[in-house]
There are 2 protein chains.
Amino acid sequence: MRKTKTPIDCAATDSAAQDKAPIARADRRVTSYDVAMLAGVSQSAVSRCFKPGASVSKATYARVMKAAAGLDYIPNAAARSLITRRSNMVAVVISQLANLYYPEALAELSQQIARRGKRVLLFTMQNESDVDAILADIWQYQVDGAIVAAALTPAQIGEFERRRLPLVVFNRNLRGTSVSSVLCDQYDAGRLLASKLAGAGHRRFGIIAGPADSPVATERRNGAVDRLHELGLPAPSIASGQFDYASGAHGLRQIIAALGDVPDAVICGNDVMAIGCLDCARHELGIDVPGRMSVAGFDAVEPSNWLSYNLTTLRQPIHNMALAAADLLTSMIEAQELHGCAGEKRLFAPQFVEGATARLAALPASLAA
Amino acid sequence: MRKTKTPIDCAATDSAAQDKAPIARADRRVTSYDVAMLAGVSQSAVSRCFKPGASVSKATYARVMKAAAGLDYIPNAAARSLITRRSNMVAVVISQLANLYYPEALAELSQQIARRGKRVLLFTMQNESDVDAILADIWQYQVDGAIVAAALTPAQIGEFERRRLPLVVFNRNLRGTSVSSVLCDQYDAGRLLASKLAGAGHRRFGIIAGPADSPVATERRNGAVDRLHELGLPAPSIASGQFDYASGAHGLRQIIAALGDVPDAVICGNDVMAIGCLDCARHELGIDVPGRMSVAGFDAVEPSNWLSYNLTTLRQPIHNMALAAADLLTSMIEAQELHGCAGEKRLFAPQFVEGATARLAALPASLAA
DNA sequence: TTGTACGCGTTATCAA
DNA sequence: TTGATAACGCGTACAA
């Protein structure tokens with residue numbers, strides 16, 4: 001028999017359910033021992049009742065559950081995870097919650113992870129340089145795995161491997177590594193957009209790229225640049241900035257200044273930048289879009305679909321991507337004992353959204369002059 | 001001496017730091033015992049070294065830290081929280097991550113909570129009816145407190161009190177209860193917007209309210225309705241819908257149908273609805289805004305500020321609200337042992353954003369006919 | 001300042 | 001099916 005302090009006052013159970021007493025007197029919590037005592041069984045019996053698929057007789061199960069309900073007993077997840085080595089928590093690391101794209105992704109991820117019986121421990125950061133501090137926290141909290149939507153150095157990835165912590169990288173392509181990841185091919189996306197626009201006869205391009213430290217931004221830009229080069233078109237005029245509205249406008253002004261003229265088409269690092277560019281063109285500079293200039297972005301965030309914009313863009317299938325990330329991570333967690341996790345990459349194709357901010361048909365010969 | 005299994009192979013420390021061995025052989029984790037053994041001290045000495053402000057000599061501290069670094073030891077948060085009764089996790093419950101307003105709030109909250117040395121355990125839901133399932137999870141995970149941005153029933157709030165779990169309600173006014181909360185006075189906001197518009201001479205109002213099960217939506221609508229009534233204006237035509245773009249457009253068509261004419265001004269449940277309403281008016285119905293009709297919303301989300309909209313709206317000071325929520329919760333957590341938490345309400349005033357979608361000056365007499 | 005011994009609340013093992 | 005008992009990894013009185 002375990003030496004326990006004074007047991008929880010069981011009279012609480014007898015009082016009307018309407019107006020329950022506080023859960024625990026003083027500082028004691030309700031434990032499985034209290035339930036066991038009230039139900040007249042052993043503590044391990046109580047434990048078994050809360051483990052799905054354990055062998056308990058119907059009779060004891062009923063008595064235990066009744067006692068548990070009376071005391072408002074709920075198993076302590078910390079104690080459980082200590083011995084099972086499963087916290088049922090998944091770390092989600094996201095760099096730019098302020099961006100419009102990530103909330104949609106986070107909402108999906110959260111739903112999917114919850115559906116799999118796990119919880120999300122959320123880590124956000126202003127600068128991607130805060131990653132190290134966040135990783136230290138992740139180790140402490142004994143999460144079962146992590147989904148990271150931020151840049152990771154090889155050393156950081158190595159840490160995950162040494163700790164045998166399942167990791168899925170979201171929307172960052174870490175070429176050469178064997179990390180599991182879910183992503184849209186951003187380089188390909190850049191190429192695709194360039195092809196579509198070039199196919200309509202645009203020749204003088206501007207590119208307003210996202211921040212240099214973002215791999216997504218870099219790949220989109222490179223894809224577009226390379227494709228334009230392949231097609232024998234003149235090198236585009238390139239500006240860059242943050243993934244935000246102001247950068248879109250600023251970038252457009254820069255490009256026009258550099259070119260000494262309005263470009264035929266502008267490819268922007270994401271939708272918010274494209275919207276900034278579009279608004280600047282229409283409302284500040286009086287440029288007809290798509291009549292005089294075409295504008296396109298990436299992501300198909302919700303506002304891109306609003307009537308005032310109806311943006312030409314590339315949709316990332318975030319719903320499916322979130323689903324894949326959750327699936328990949330859970331399967332890695334399940335399989336962990338069996339074998340090391342084979343770095344699987346799930347690549348999604350971006351979907352072209354025609355919109356109305358880009359001229360996509362070649363001009364008739366009479367106008368093409 | 002504790003009967004332990006074979007201790008961690010300490011040879012790992014000797015190998016080059018460049019190419020570290022896996023953290024743990026087989027299935028053992030690195031524990032404070034391993035560090036103690038390597039450093040030649042007791043386990044409790046190790047424990048003290050990781051507790052800020054404990055009494056340890058410089059010499060042992062140095063040796064312990066060296067050993068810890070060599071083994072990549074990190075304290076186990078689950079074990080710690082088991083004994084300290086502090087998990088350093090805060091539950092954040094959010095209903096509509098898809099809405100534009102909440103990501104901004106969540107990003108702020110997350111930053112503020114992290115700054116206070118705690119982590120966010122995130123719970124999201126599609127329907128506010130999922131709250132009960134989420135609460136059950138919250139009890140399990142031994143969080144130190146919760147910030148809830150969703151409707152709670154009195155019974156649910158009672159549960160928090162019985163469990164003595166610090167709770168801050170975000171942006172939901174639970175009148176009559178003594179729950180700590182951080183909020184913007186939505187009723188007042190509704191009144192303010194009505195006053196401003198009425199002051200400019202608008203007489204025939206439309207209101208496109210948010211969903212009936214949202215207290216925020218209801219209060220905004222009631223505030224506007226009451227104020228218009230006080231001013232002796234005709235009762236507004238009211239439509240309602242979800243807090244989304246489509247509902248804004250749909251609501252406007254409903255109001256015009258009901259009125260048989262275009263209203264002077266439309267007050268929308270939030271900015272996204274207002275933007276939907278605005279786009280419908282301008283692009284589908286060809287209504288001049290603000291020339292013929294004024295449109296206003298609530299929240300001042302980022303897109304409301306874009307040039308295509310420049311919406312007249314009321315800003316909620318989310319930065320300060322998030323800060324207040326984090327402060328309130330942490331002070332409740334600190335004070336928990338001392339006394340029961342006095343339900344404090346922090347009320348923030350909405351700030352009027354003039355924008356350009358509402359005519360705010362009275363018409364000259366010549367035109368007022 | 002340091003070490004010993006115990007407890008936090010649970011699951012896992014094994015014998016009955 | 002059930003119960004006794006040993007972990008899980010840590011913090012903390014208490015004694016030295």
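In what follows, chains carry the letters A, B, and so on, assigned in the order in which the sequence lines appear, proteins first and then strands, with residues in each chain numbered from 1.
The nearest whole Å value for the distance from the OH atom in B:Y61 to the P atom in C:dT1 is 14 Å. The distance between atom CH2 of A:W139 and atom P of D:dG9, rounded to the nearest whole Å, is 18 Å. We find that NZ of A:K58 is positioned 13 Å from P of D:dT2, with the value rounded to whole Å. If you take CZ of B:R86 and C1' of C:dC8, they are 15 Å apart, rounded to a whole angstrom. Between B:M37 atom CE and C:dG3 atom P there is a gap of 13 Å when expressed in whole angstrom units. The CZ-P distance, from A:R29 to C:dT10, rounds to 9 Å in whole Å. The nearest whole Å value for the distance from the CG atom in A:N76 to the P atom in D:dC8 is 18 Å. Atom CZ of B:R85 and atom P of D:dC10 are 19 Å apart (whole Å).
Closest non-hydrogen pair, A:R86 versus A:I333, comes out as NH2-O, 3.2 Å. Between B:R172 and B:S181 the shortest heavy-atom distance is O-CB, 4.3 Å.
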Discussion item. With side chain to side chain donor-acceptor pair (under 3.5 Å) as the criterion, how do A:Q43 and A:S32 come out once you've worked through the C-alpha distance, each side chain's angles and the decisive distance to 0.1 Å?
Written reply: CA-CA 6 Å; A:Q43 180 269 336; A:S32 51; 3.1 Å; yes
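In this structure, the side chain of B:K345 engages the main chain of B:V179 through a donor-acceptor pair within 3.5 Å. The main-chain N or O of B:L106 is never found under 3.5 Å from a side-chain atom of B:S110 such that the two would form a donor-acceptor pair.
Contact annotation: the side chain of A:V93 never approaches that of A:I147 to less than 4.5 Å [non-hydrogen atoms, C-beta and beyond].
Classification of B:R85 and B:D144 as a salt-bridged pair fails, no side-chain N sitting under 4.0 Å from a carboxylate O. Residues A:R29 and A:D34 are not paired through a salt bridge, judged by the lack of any N-O separation under 4.0 Å between the basic side chain and the carboxylate.
Between C:dT10 and A:S81, no contact under 4.0 Å exists linking OP1 or OP2 to a side-chain N or O. Neither OP1 nor OP2 of D:dG9 sits under 4.0 Å from any side-chain N or O of B:T31. Contact annotation: B:S57 side-chain N/O to C:dT2 OP1/OP2 distance is under 4.0 Å.
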N/O to N/O distances under 3.5 Å, protein versus nucleotides 11-15 of chain D:
residue, atom, partner, partner atom, Å
D:dG11, OP1, B:R80, NE, 2.9
D:dG11, OP1, B:R80, NH2, 3.2
D:dG11, OP2, B:S47, OG, 2.6
D:dG11, N7, B:Q43, NE2, 3.4
D:dG11, O6, B:Q43, OE1, 3.2
D:dT12, OP2, B:K51, NZ, 2.9

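Direction change of the helix axis from one end of the helix from C:dT1-D:dA16 to C:dA16-D:dT1 to the other is 30°, with five pairs defining each end axis (rounded to 10°).
The side chain of B:S32 lies closest to D:dC10 when the candidates are C:dG9, D:dT2, D:dC10. Of the candidates C:dG9, C:dT2, C:dG3, the closest approach to any side-chain atom of B:V41 belongs to C:dG3.
Using a 3.5 Å distance cut-off with no hydrogens or angles, the side chains of A:Q140 and B:N76 do not pair a donor with an acceptor.
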